[in-house]
2 protein chains.
Amino acid sequence: MDEELKLKSQVCFPVYALSREIVNVYRPILEEIDLTYPQYLVMMVLWENEPQKVNEIGDKLNLDNGTITPLLKRMAAKGLISRKRNTKDERVVEISLTESGKQLQTKAAEVPQKVVKAMGITPEDLMQLKDLVVKILNRAK
Amino acid sequence: MDEELKLKSQVCFPVYALSREIVNVYRPILEEIDLTYPQYLVMMVLWENEPQKVNEIGDKLNLDNGTITPLLKRMAAKGLISRKRNTKDERVVEISLTESGKQLQTKAAEVPQKVVKAMGITPEDLMQLKDLVVKILNRAK
DNA sequence: CACTATTATATCGTGTGCGATTTTATTTTG
DNA sequence: CAAAATAAAATCGCACACGATATAATAGTG
């Protein structure tokens with residue numbers, strides 16, 4: 001049979017599998033602070049800079065607005081962020097952190113170490129992985 | 001602020017982003033043969049060997065049965081596979097290819113080349129990526 | 001300045017993805 | 001051999017993820 005159509009020959013499948021494995025590693029750790037992985041990513045974007053427009057957040061995370069809008073709504077329902085129409089341009093929705101959202105950063109400080117520990121891989125492999133993936137990601141987009 | 005809580009410092013985010021980018025590259029190519037990416041993976045597993053139990057397929061793709069059962073049902077509804085209870089052990093469901101499912105392999109033969117072309121990355125980078133990801137994936141699981 | 005094009009977000013439908021629970025069948029054990 | 005444990009699938013609920021479409025506001029144009 002066509003060797004290229006075997007799962008073992010696939011290059012992309014390991015990336016797909018690793019991505020899900022990563023989310024599975026994060027899940028129990030993020031559960032302690034009541035966040036999902038995509039929600040954690042949004043929080044990181046906002047902890048770094050706020051307010052930000054819906055599409056600014058979506059662009060940074062490569063998520064289209066069919067994904068980001070309901071994601072932000074769930075986060076607003078949890079009280080982590082607030083949504084405000086820009087008065088100059090009523091099309092724009094500005095996303096800000098609530099007090100509760102800001103305070104979550106302290107609790108989240110332990111997440112990175114916990115994840116590295118749970119994944120059980122060396123920082124060297126991690127860095128090598130990141131460099132290579134970023135290189136390919138930039139080429140592919 | 002905590003450097004580790006910045007998106008730029010994240011190692012896992014690029015993997016997550018690349019995984020979705022890969023699925024997005026596959027989407028229009030697989031659409032021509034009416035498959036989604038997870039469905040394509042199931043087909044590859046079955047083209048290589050059939051019949052297989054539901055959990056055998058799930059184990060190979062690292063998908064739990066909350067995912068794999070509805071996935072297989074949609075594929076059965078499309079007429080790609082058939083589901084048969086094992087007569088020796090009525091708990092087991094054997095998944096086989098239909099004639100239509102077997103014939104799809106010929107049409108799918110062009111998929112790998114199309115994907116490599118659409119991603120626009122070198123085979124060398126791809127191989128290096130695969131080796132590294134597989135190494136980390138094996139450690140993480 | 002009305003008309004068209006563009007932009008920002010929201011909505012809808014379909015398909016994953018996974019934890020938790022349930023159902024049914026087989027295996028183990030007292 | 002009956003009761004408990006285990007195993008294989010299925011089911012349920014929730015949260016993405018994305019294409020396609022809709023809605024509303026602003027910008028551009030003749």
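Residue numbers begin at 1 in each chain, while the letters A, B, ... track the order of the sequences. All values derive from a computational prediction rather than experimental measurement.
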Legend entry - Distance test, side-chain N/O of B:Lys73 to OP1/OP2 of D:dT11, below 4.0 Å: yes

Inset, instruction - Determine the contact category for B:Leu71: base if any of its heavy atoms lies under 4.0 Å from a base atom, sugar-phosphate if only primed atoms, P, OP1 or OP2 are that close, otherwise nothing. - result: sugar-phosphate

Inset, instruction - Give B:Asn55 one of three labels, base, sugar-phosphate or nothing, depending on what nucleic acid heavy atoms sit under 4.0 Å from its own. - result: sugar-phosphate

Legend entry - Main-chain N/O of B:Thr36 paired with B:Gln39 side-chain donor or acceptor, under 3.5 Å: yes

Inset, instruction - Take the protein atom CD of A:Gln39 and the nucleotide atom P of D:dA17, then report the distance between them rounded to whole Å. - result: 10 Å

Inset, instruction - State the CG-CD distance between A:Leu80 and A:Gln103, to the nearest 0.5 angstrom. - result: 11.0 Å

Inset, instruction - Check whether any side-chain nitrogen or oxygen of B:Thr36 sits under 4.0 Å from OP1 or OP2 of C:dT16, and answer yes or no. - result: yes

Inset, instruction - Using the closest heavy atom to pick a nucleotide of DNA chain C for each, name whichever of A:Arg20 or A:Val92 lands nearer the 5' end. - result: A:Val92

Inset, instruction - Take atom CD of B:Glu31 and atom C1' of D:dC18, then tell me their distance rounded to the nearest Å. - result: 11 Å

Legend entry - Nearest to side-chain heavy atoms of B:Pro38, which nucleotide of D:dA9, C:dA10, C:dG17: C:dG17

Inset, instruction - Without swapping roles, check the side chain of B:Gln52 against the backbone of B:Val45 for a donor-acceptor pair under 3.5 Å. - result: yes

Legend entry - Under 4.0 angstrom between B:Tyr16 side-chain N/O and D:dA17 OP1 or OP2: yes

Legend entry - Which residue lies more 5' along DNA chain D, comparing A:Lys78 with A:Asn65 via nearest heavy atoms: A:Lys78

Legend entry - Nearest-angstrom distance from the residue atom CD1 of A:Ile57 to P of C:dT9: 9 Å

Legend entry - Residue whose nearest DNA chain D nucleotide is more 5′ - B:Arg27 or A:Lys88: B:Arg27

Inset, instruction - Kindly point out which of C:dT16, D:dA9, C:dT9 is positioned nearest to the side chain of A:Arg85? - result: C:dT9

Legend entry - Nearest listed nucleotide, side chain of A:Thr67, among D:dC16, D:dA10, C:dT16: D:dC16

Legend entry - Value in whole Å for how far the C1' atom of C:dA10 lies from CG of A:Leu63: 16 Å

Inset, instruction - Output the single nucleotide from D:dA9, D:dT11, C:dA25 whose closest atom is nearest the side chain of B:Asp89. - result: C:dA25

Inset, instruction - Write down the distance between CD (A:Glu21) and C1' (C:dG19), rounded to a whole number of angstrom. - result: 15 Å

Inset, instruction - Look at the side chain of B:Arg83 and decide which nucleotide, out of C:dT16, D:dA17, D:dA9, has an atom nearest to it. - result: D:dA9

Legend entry - Interatomic distance where CD belongs to B:Gln52 and P belongs to D:dA9 [whole Å]: 12 Å

Legend entry - Any donor-acceptor pair under 3.5 Å from B:Glu50 side chain to B:Trp47 backbone: no

Inset, instruction - With DNA chain C as reference, determine whether B:Arg74 or B:Arg91 sits nearer its 5' end, using the nearest nucleotide of each. - result: B:Arg74

Inset, instruction - Check whether the side chains of A:Gln10 and B:Lys130 place a donor and an acceptor atom closer than 3.5 Å, and report yes or no. - result: no

Inset, instruction - Would you mind telling me which of D:dC16, D:dA10, D:dA25 lies closest to the side-chain atoms of A:Glu90? - result: D:dA25

